[in-house]
Participant: 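My questions all concern the structure below.
Each chain gets a letter, A, B and so on, in the order the sequences are listed, and its residues count up from 1.
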Amino acid sequence: MEDAIALQQELEPRVDTRPSLPALRLIGGIHVAYAGDDLIAAVVVLGFPALDVVAGATAAGRTTFPYVPGLLAWRELPTVLAACERLRSQPDVILCDAHGIAHPRRFGLASHLGYCLDVPSIGCARRRLVGEHEPVAAARGSRVGLTHAGAPVGAVVRTRAGVKPVFVSPGFAVSVSDAVDVVLATTLRYRMPEPIRRAQLLANEKKRRTSAASSVTVS
DNA sequence: GCGACAG
DNA sequence: ATCTTGTCGC
(Lines give C-alpha, C1' and ligand atoms only; values in the text may rest on other atoms or scores of the structure.)
Protein backbone atom coordinates (compact mmCIF):
# COMPACT_ATOMS: atom_id res chain seq x y z
CA MET A 1 0.00 0.00 0.00
CA GLU A 2 2.91 2.33 0.61
CA ASP A 3 3.99 1.47 -2.91
CA ALA A 4 0.60 2.44 -4.28
CA ILE A 5 0.88 5.87 -2.71
CA ALA A 6 4.41 6.32 -4.03
CA LEU A 7 3.28 5.47 -7.56
CA GLN A 8 0.48 8.04 -7.43
CA GLN A 9 2.95 10.68 -6.33
CA GLU A 10 5.15 9.90 -9.29
CA LEU A 11 2.22 10.13 -11.69
CA GLU A 12 1.05 13.47 -10.34
CA PRO A 13 3.52 15.67 -12.28
CA ARG A 14 2.36 14.10 -15.52
CA VAL A 15 -1.17 15.47 -15.23
CA ASP A 16 -1.61 18.11 -17.89
CA THR A 17 -4.72 20.18 -18.30
CA ARG A 18 -5.26 21.26 -21.84
CA PRO A 19 -7.22 24.49 -22.23
CA SER A 20 -10.14 23.08 -24.15
CA LEU A 21 -11.78 19.90 -25.28
CA PRO A 22 -12.07 18.87 -28.94
CA ALA A 23 -15.53 18.94 -30.49
CA LEU A 24 -17.60 16.45 -28.55
CA ARG A 25 -19.02 13.59 -30.55
CA LEU A 26 -18.81 10.65 -28.16
CA ILE A 27 -18.88 10.70 -24.37
CA GLY A 28 -18.02 7.66 -22.29
CA GLY A 29 -19.08 6.72 -18.79
CA ILE A 30 -18.03 3.99 -16.38
CA HIS A 31 -19.38 2.39 -13.24
CA VAL A 32 -18.45 -0.55 -11.05
CA ALA A 33 -21.00 -2.74 -9.26
CA TYR A 34 -20.13 -5.19 -6.49
CA ALA A 35 -21.40 -8.62 -5.54
CA GLY A 36 -19.34 -9.44 -2.50
CA ASP A 37 -15.74 -9.78 -3.70
CA ASP A 38 -16.84 -10.03 -7.30
CA LEU A 39 -17.07 -6.81 -9.25
CA ILE A 40 -18.59 -5.89 -12.58
CA ALA A 41 -17.23 -2.92 -14.50
CA ALA A 42 -19.33 -1.36 -17.23
CA VAL A 43 -18.43 1.25 -19.80
CA VAL A 44 -20.82 2.92 -22.22
CA VAL A 45 -20.43 5.46 -24.99
CA LEU A 46 -23.15 7.99 -25.76
CA GLY A 47 -23.52 10.16 -28.82
CA PHE A 48 -23.50 13.91 -28.19
CA PRO A 49 -25.67 15.89 -27.95
CA ALA A 50 -28.32 13.21 -28.51
CA LEU A 51 -27.08 11.22 -25.50
CA ASP A 52 -28.08 7.93 -27.11
CA VAL A 53 -26.12 4.81 -26.21
CA VAL A 54 -23.95 3.79 -29.16
CA ALA A 55 -21.70 1.23 -27.48
CA GLY A 56 -21.18 -0.64 -24.25
CA ALA A 57 -19.06 -3.36 -22.69
CA THR A 58 -18.59 -5.05 -19.33
CA ALA A 59 -15.92 -7.08 -17.57
CA ALA A 60 -15.98 -9.20 -14.44
CA GLY A 61 -13.25 -9.17 -11.86
CA ARG A 62 -12.39 -10.02 -8.30
CA THR A 63 -11.18 -7.70 -5.56
CA THR A 64 -7.44 -7.93 -4.94
CA PHE A 65 -7.13 -4.70 -2.98
CA PRO A 66 -9.23 -3.34 -0.08
CA TYR A 67 -11.21 -0.12 -0.24
CA VAL A 68 -8.94 2.63 1.00
CA PRO A 69 -10.02 6.26 0.47
CA GLY A 70 -7.48 7.66 -2.00
CA LEU A 71 -6.54 4.28 -3.47
CA LEU A 72 -9.79 3.37 -5.22
CA ALA A 73 -7.95 2.91 -8.51
CA TRP A 74 -6.03 -0.06 -7.15
CA ARG A 75 -9.33 -1.73 -6.44
CA GLU A 76 -11.36 -0.86 -9.53
CA LEU A 77 -9.06 0.21 -12.35
CA PRO A 78 -7.97 -3.25 -13.59
CA THR A 79 -11.54 -4.38 -14.20
CA VAL A 80 -12.53 -1.02 -15.67
CA LEU A 81 -9.64 -1.20 -18.14
CA ALA A 82 -10.64 -4.75 -19.05
CA ALA A 83 -14.12 -3.49 -19.93
CA CYS A 84 -12.66 -0.62 -21.96
CA GLU A 85 -10.53 -3.04 -23.99
CA ARG A 86 -13.69 -4.77 -25.12
CA LEU A 87 -15.08 -1.51 -26.40
CA ARG A 88 -15.04 -0.80 -30.10
CA SER A 89 -15.58 2.94 -30.14
CA GLN A 90 -13.21 5.53 -28.71
CA PRO A 91 -14.92 8.34 -26.75
CA ASP A 92 -13.67 11.94 -26.87
CA VAL A 93 -13.94 12.18 -23.11
CA ILE A 94 -14.86 9.75 -20.35
CA LEU A 95 -16.80 10.41 -17.17
CA CYS A 96 -16.06 8.59 -13.94
CA ASP A 97 -18.16 7.85 -10.91
CA ALA A 98 -15.25 9.02 -8.73
CA HIS A 99 -12.80 11.88 -8.25
CA GLY A 100 -10.10 13.16 -10.57
CA ILE A 101 -7.56 15.60 -9.11
CA ALA A 102 -9.81 16.38 -6.13
CA HIS A 103 -7.68 13.77 -4.43
CA PRO A 104 -5.01 13.70 -1.69
CA ARG A 105 -2.27 13.28 -4.33
CA ARG A 106 -4.19 14.87 -7.23
CA PHE A 107 -4.65 11.52 -8.95
CA GLY A 108 -7.94 9.80 -8.31
CA LEU A 109 -9.56 6.95 -10.24
CA ALA A 110 -10.69 9.29 -13.04
CA SER A 111 -7.11 10.47 -13.48
CA HIS A 112 -5.73 6.92 -13.62
CA LEU A 113 -8.30 5.92 -16.22
CA GLY A 114 -7.71 8.87 -18.52
CA TYR A 115 -3.98 8.48 -18.17
CA CYS A 116 -4.03 4.75 -19.01
CA LEU A 117 -6.35 5.24 -21.98
CA ASP A 118 -4.79 8.54 -23.03
CA VAL A 119 -8.31 9.95 -23.22
CA PRO A 120 -9.45 13.16 -21.52
CA SER A 121 -11.35 12.18 -18.37
CA ILE A 122 -13.57 13.80 -15.76
CA GLY A 123 -14.34 12.83 -12.20
CA CYS A 124 -17.93 13.31 -11.02
CA ALA A 125 -18.44 12.03 -7.48
CA ARG A 126 -21.48 12.12 -5.24
CA ARG A 127 -19.45 12.74 -2.13
CA ARG A 128 -16.40 14.76 -1.14
CA LEU A 129 -13.04 13.13 -0.64
CA VAL A 130 -10.91 16.22 0.00
CA GLY A 131 -11.27 19.98 -0.32
CA GLU A 132 -13.30 22.86 0.99
CA HIS A 133 -15.99 24.99 -0.62
CA GLU A 134 -18.63 27.64 -0.07
CA PRO A 135 -22.33 26.79 -0.13
CA VAL A 136 -23.81 26.21 -3.60
CA ALA A 137 -26.95 28.06 -4.73
CA ALA A 138 -30.06 25.91 -5.22
CA ALA A 139 -30.53 26.53 -8.95
CA ARG A 140 -29.37 23.98 -11.50
CA GLY A 141 -26.08 25.09 -13.01
CA SER A 142 -24.83 26.80 -9.85
CA ARG A 143 -21.27 25.92 -8.90
CA VAL A 144 -18.56 26.97 -6.47
CA GLY A 145 -14.88 26.20 -6.54
CA LEU A 146 -13.41 23.29 -4.62
CA THR A 147 -9.94 23.92 -3.21
CA HIS A 148 -7.52 21.71 -1.40
CA ALA A 149 -4.23 22.69 0.23
CA GLY A 150 -4.56 26.10 -1.35
CA ALA A 151 -5.04 24.79 -4.89
CA PRO A 152 -8.17 24.77 -7.07
CA VAL A 153 -9.02 21.09 -7.66
CA GLY A 154 -12.56 21.17 -9.05
CA ALA A 155 -16.06 22.45 -8.48
CA VAL A 156 -19.17 21.57 -6.53
CA VAL A 157 -22.00 21.63 -9.05
CA ARG A 158 -25.78 21.66 -8.76
CA THR A 159 -27.02 19.42 -11.57
CA ARG A 160 -30.66 19.49 -10.41
CA ALA A 161 -32.45 22.29 -8.58
CA GLY A 162 -32.62 21.62 -4.88
CA VAL A 163 -30.80 18.30 -5.13
CA LYS A 164 -27.46 17.60 -3.46
CA PRO A 165 -24.61 18.89 -5.66
CA VAL A 166 -21.92 16.67 -7.22
CA PHE A 167 -18.16 17.02 -7.00
CA VAL A 168 -16.57 17.60 -10.38
CA SER A 169 -12.85 17.57 -11.02
CA PRO A 170 -10.50 17.15 -13.99
CA GLY A 171 -9.32 13.60 -14.37
CA PHE A 172 -6.83 13.88 -17.18
CA ALA A 173 -6.23 16.49 -19.88
CA VAL A 174 -9.29 18.61 -19.10
CA SER A 175 -9.80 21.96 -17.37
CA VAL A 176 -12.14 22.52 -14.44
CA SER A 177 -14.49 24.68 -16.53
CA ASP A 178 -14.65 22.14 -19.36
CA ALA A 179 -15.29 19.39 -16.85
CA VAL A 180 -18.20 21.34 -15.40
CA ASP A 181 -19.53 22.12 -18.88
CA VAL A 182 -19.52 18.45 -19.87
CA VAL A 183 -21.24 17.39 -16.66
CA LEU A 184 -23.98 19.99 -17.09
CA ALA A 185 -24.36 19.21 -20.79
CA THR A 186 -25.00 15.54 -20.01
CA THR A 187 -27.25 16.04 -17.01
CA LEU A 188 -30.90 16.94 -17.45
CA ARG A 189 -33.34 15.01 -15.29
CA TYR A 190 -31.10 13.08 -12.92
CA ARG A 191 -28.36 14.11 -10.52
CA MET A 192 -25.60 12.16 -12.22
CA PRO A 193 -24.45 12.61 -15.86
CA GLU A 194 -26.23 10.32 -18.32
CA PRO A 195 -23.07 8.41 -19.34
CA ILE A 196 -22.43 7.41 -15.73
CA ARG A 197 -26.08 6.56 -15.16
CA ARG A 198 -26.23 4.31 -18.20
CA ALA A 199 -23.02 2.60 -17.19
CA GLN A 200 -24.51 1.99 -13.76
CA LEU A 201 -27.64 0.48 -15.29
CA LEU A 202 -25.52 -1.75 -17.52
CA ALA A 203 -23.33 -2.89 -14.63
CA ASN A 204 -26.32 -3.75 -12.44
CA GLU A 205 -28.04 -5.49 -15.34
CA LYS A 206 -24.96 -7.61 -15.97
CA LYS A 207 -24.67 -8.43 -12.28
CA ARG A 208 -28.26 -9.65 -12.13
CA ARG A 209 -27.96 -11.75 -15.27
CA THR A 210 -24.71 -13.24 -13.97
CA SER A 211 -26.05 -14.19 -10.55
CA ALA A 212 -29.28 -15.48 -12.09
CA ALA A 213 -27.34 -17.67 -14.51
CA SER A 214 -25.17 -19.14 -11.74
CA SER A 215 -28.15 -19.94 -9.53
CA VAL A 216 -29.85 -21.71 -12.45
CA THR A 217 -26.73 -23.81 -12.90
CA VAL A 218 -26.78 -24.76 -9.21
CA SER A 219 -30.42 -25.77 -9.10
C1' DG B 1 -7.27 10.84 21.30
C1' DC B 2 -11.32 12.23 18.02
C1' DG B 3 -13.27 12.72 13.41
C1' DA B 4 -13.00 12.36 8.17
C1' DC B 5 -12.86 9.18 4.66
C1' DA B 6 -14.55 8.55 -3.74
C1' DG B 7 -16.75 3.41 -4.25
C1' DA C 1 -20.20 -0.28 -2.78
C1' DT C 2 -23.96 -3.25 -0.33
C1' DC C 3 -27.69 -4.81 3.12
C1' DT C 4 -33.37 -3.48 2.22
C1' DT C 5 -40.01 -1.98 2.03
C1' DG C 6 -42.58 1.05 1.65
C1' DT C 7 -43.59 5.54 0.52
C1' DC C 8 -43.83 10.56 -1.00
C1' DG C 9 -44.05 13.01 -5.28
C1' DC C 10 -44.01 14.40 -10.35
Participant: A/Pro91 and side-chain contact (heavy atoms from CB on, under 4.5 Å): which partner among A/Val45, A/Leu24, A/Val54?
Facilitator: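 Answer after filtering A/Val45, A/Leu24, A/Val54: A/Val45.
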
Participant: Looking at every heavy atom in both A/Gly131 and A/His148, which two are closest together, and how far apart are they?
Facilitator: N-ND1, 3.8 Å

Participant: Which heavy-atom pair separates A/Leu71 from A/Ala4 by the least distance, and what is that distance?
Facilitator: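 Heavy atoms only, the tightest pair is CD2-CB, 4.0 Å.
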
Participant: For residues A/Thr186 and A/Ile27, determine if any side-chain heavy atom of one lies less than 4.5 Å from a side-chain heavy atom of the other.
Facilitator: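 Of all side-chain heavy-atom pairs linking A/Ile27 with A/Thr186, at least one is under 4.5 Å.
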
Participant: Just distance, no hydrogens or angles: give the donor-acceptor pairs under 3.5 Å from side chains in residues 191-199 of chain A, sequence neighbours left out.
Facilitator:
residue  : atom : partner  : partner atom : Å
A/Arg191 : NH1  : A/Lys164 : O            : 3.1
A/Arg191 : NH1  : A/Pro165 : O            : 2.9
A/Glu194 : OE1  : A/Arg197 : NE           : 3.3
A/Glu194 : OE2  : A/Arg197 : NE           : 3.4
A/Glu194 : OE2  : A/Arg197 : NH2          : 3.1

Participant: Considering all heavy atoms of both residues, which atom of A/Thr79 and which atom of A/Leu39 are nearest to each other, and what is their separation?
Facilitator: OG1-CD1, 2.9 Å

Participant: Could you run down the sub-3.5 Å N/O contacts of the protein with nucleotides 6-10 of chain C?
Facilitator:
none

Participant: Specify the residues of residues 147-162 of chain A, ordered by number, for which at least one heavy atom lies under 4.0 angstrom from an atom of DNA chain B.
Facilitator: none

Participant: Name the orientation class of the two ring planes belonging to A/Tyr115 and A/Phe172 (parallel below 30°, tilted from 30 to 60°, perpendicular beyond 60°).
Facilitator: perpendicular

Participant: Can A/Tyr67 and A/Glu76 be counted as having a side-chain donor-acceptor contact under 3.5 angstrom?
Facilitator: no

Participant: Among A/Val174, A/Val176, A/Val180, find the residue that satisfies the side-chain contact (heavy atoms from CB on, under 4.5 Å) test when tested with A/Asp178.
Facilitator: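 So the option named by the test is A/Val174.
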
Participant: Excluding sequence neighbours, so at least two apart, what forms side-chain contact (heavy atoms from CB on, under 4.5 Å) with A/Pro78?
Facilitator: none

Participant: Assign a letter to each nucleotide of nucleotides 2-7 of chain B from its 5' end: B, base within under 4.0 Å of a protein heavy atom; S, sugar-phosphate only; -, no contact.
Facilitator: --SBBB

Participant: A/Gln8 and A/His112: which non-hydrogen atoms are nearest, and at how many Å?
Facilitator: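 What the structure gives for the nearest pair is NE2-NE2, 3.3 Å.
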
Participant: After noting the C-alpha distance and the side-chain angles of A/Asp38 and A/Arg62, does the key distance pass the salt bridge (Lys or Arg N to Asp or Glu O under 4.0 Å) rule?
Facilitator: CA-CA 5 Å; A/Asp38 290 314; A/Arg62 198 124 200 181; 3.4 Å; yes

Participant: Pull out every stem in DNA chain B, meaning runs of 3 or more consecutive Watson-Crick or G-U wobble pairs with both distances under 3.5 Å.
Facilitator: none

